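This report refers to the structure that appears directly beneath it.
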There are 2 protein chains.
Amino acid sequence: MDEIDQTIVNLLRTDGRTSYAELARRVGLTAPSVQDRVTKLEKNGIITGYKAVIDSEAIGLGITALIGIIPDNAADHRDICERLRAIPEIESCYFLAGVECYQLKVRVPKMGDLERLIHRVGAIPGVAQTRTTITLSTKWEDRPQPVPFEQAD
Amino acid sequence: MDEIDQTIVNLLRTDGRTSYAELARRVGLTAPSVQDRVTKLEKNGIITGYKAVIDSEAIGLGITALIGIIPDNAADHRDICERLRAIPEIESCYFLAGVECYQLKVRVPKMGDLERLIHRVGAIPGVAQTRTTITLSTKWEDRPQPVPFEQAD
DNA sequence: CTCGACAAGTGGACGAGATCGACCAGACCA
DNA sequence: TGGTCTGGTCGATCTCGTCCACTTGTCGAG
């Protein structure tokens with residue numbers, strides 16, 4: 001993970017479809033060597049995938065909400081996590097240090113869907129209480145911050 | 001935005017580097033027509049970009065936290081938003097319906113950086129109070145949920 | 001010091017993919 | 001009926017991806 005790798009990562013983070021040839025021009029190497037580096041970054045788990053970024057509203061997922069989960073004392077976290085994972089509307093799931101030990105980011109088409117989703121989450125064994133906040137607008141999301149510093153491989 | 005477009009979007013969402021030729025095979029069209037569709041999806045703002053997914057820990061951003069902001073009555077939201085945007089560590093920023101009217105997702109290398117960041121956010125005019133929660137683990141993040149339904153263009 | 005092993009790049013060759021223009025078929029409407 | 005528009009195919013061409021052989025520099029062992 002040297003400076004060139006960092007540049008490659010930053011470029012691919014900003015535009016995941018940049019060709020190897022273009023990356024090569026940017027970092028001053030040839031395409032095969034860049035490809036070699038990218039392959040290594042993928043194998044080492046630094047680059048874990050590539051995604052098209054979609055406008056949620058444009059595909060009918062107009063409502064974004066954050067759901068906090070307060071567990072009861074008997075909560076089996078493995079089970080909770082598994083059941084949460086089975087719900088496709090939950091796009092992100094964080095395990096937190098606090099009273100609300102999970103926070104979910106969910107997207108649904110309509111308010112009715114959100115209500116059903118909240119009931120579904122609330123019905124999971126070990127979930128004592130949920131707290132839902134609607135997002136009025138997303139100012140920005142998943143903005144890539146540059147690789148901060150030299151990092152061991 | 002017909003069924004074929006939905007398939008294309010779902011495929012690119014899962015692997016943003018899928019070639020036009022491969023997409024064409026999957027949806028049963030030729031490469032040029034798929035390319036045409038993708039270009040239109042980009043122009044219509046449905047596909048807004050492509051990103052490599054990076055393991056934050058692997059690049060030295062080992063700490064993820066959620067920061068809620070409670071504003072005071074005189075808060076100028078345009079100004080707050082602008083100042084927040086200038087802070088690179090804030091990867092996502094949601095405007096919420098609730099007492100905490102913003103929630104930030106931030107990533108930093110070390111605890112000291114988080115402390116400095118909290119102070120920086122707390123010092124923004126119009127910010128009455130912040131509430132920070134550390135994430136112990138990210139169960140998953142930005143999992144693409146399939147396009148739900150036929151949607152007008 | 002020299003040798004061999006290894007990591008990282010280069011250059012060339014070849015097949016696959018991207019891209020462009022020309023052309024075609026069906027839908028819609030005056 | 002005929003014109004136009006949309007969305008597709010086909011074929012040509014150029015770029016890109018990918019593989020392989022070769023080179024260079026580094027480092028440790030003998």
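So that the names make sense, note that chain A is the first sequence line, chain B the second, and so on, each numbered from 1. None of the values given here were measured: they were computed from a predicted structure.
Atom pair A:Gln35:CD and C:dA8:C1' shows a separation of 14 Å (rounding to whole Å applied). Rounded to an integer number of Å, the gap from CG of A:Asp5 to C1' of C:dA8 is 11 Å. Rounded to whole Å, the distance from CD on B:Glu22 to C1' on C:dG17 is 12 Å. Straight-line distance from the CG atom of A:Asp36 to the P atom of C:dA7: 11 Å, rounded to whole Å. In this entry the distance linking CZ of A:Arg37 with C1' of C:dT10 reads 14 Å, nearest Å. Remark: P of C:dA8 and CD1 of A:Ile8 are 12 Å apart, rounded to the nearest angstrom. If you measure from atom OH of A:Tyr20 to atom C1' of D:dT18, you get 10 Å, rounded to the nearest angstrom. When the P atom of D:dT6 is taken as reference, atom CG of B:Asn44 falls 13 Å away, rounded to whole Å.
Two residues are said to be in side-chain contact when any heavy atoms from C-beta on lie closer than 4.5 Å; A:Leu84 and B:Trp140 meet this criterion. In this structure, A:Val106 and A:Glu91 have side chains that are not in contact, with every pair of non-hydrogen atoms separated by 4.5 Å or more. Side-chain contact between B:Val53 and A:Ile47 is absent, with no heavy-atom pair separated by less than 4.5 Å.
Of the candidate nucleotides C:dG17, C:dC20, D:dT18, D:dT18 has the atom nearest to the side chain of A:Pro32. Side chain of B:Ala21, nearest nucleotide from D:dG8, C:dG17, D:dC16: C:dG17.
Between A:Lys40 and C:dA8, a side-chain N or O to OP1/OP2 separation shorter than 4.0 Å is present. OP1 or OP2 of C:dT10 sits under 4.0 Å from a side-chain N or O of A:Thr30. For D:dC16, the OP1/OP2 oxygens have a side-chain nitrogen or oxygen of A:Arg25 closer than 4.0 Å.
If A:Arg17 and A:Leu29 are placed on DNA chain C by their nearest nucleotide, the residue sitting closer to the 5' end is A:Leu29.
Taking 4.0 Å as the cut-off between side-chain N and carboxylate O, B:Glu22 and B:Arg25 count as a salt-bridged pair.
Screening A:Leu104, A:Val121, A:Ile118 against A:Thr132 for a side-chain contact (heavy atoms from CB on, under 4.5 Å) leaves a single residue, A:Ile118.
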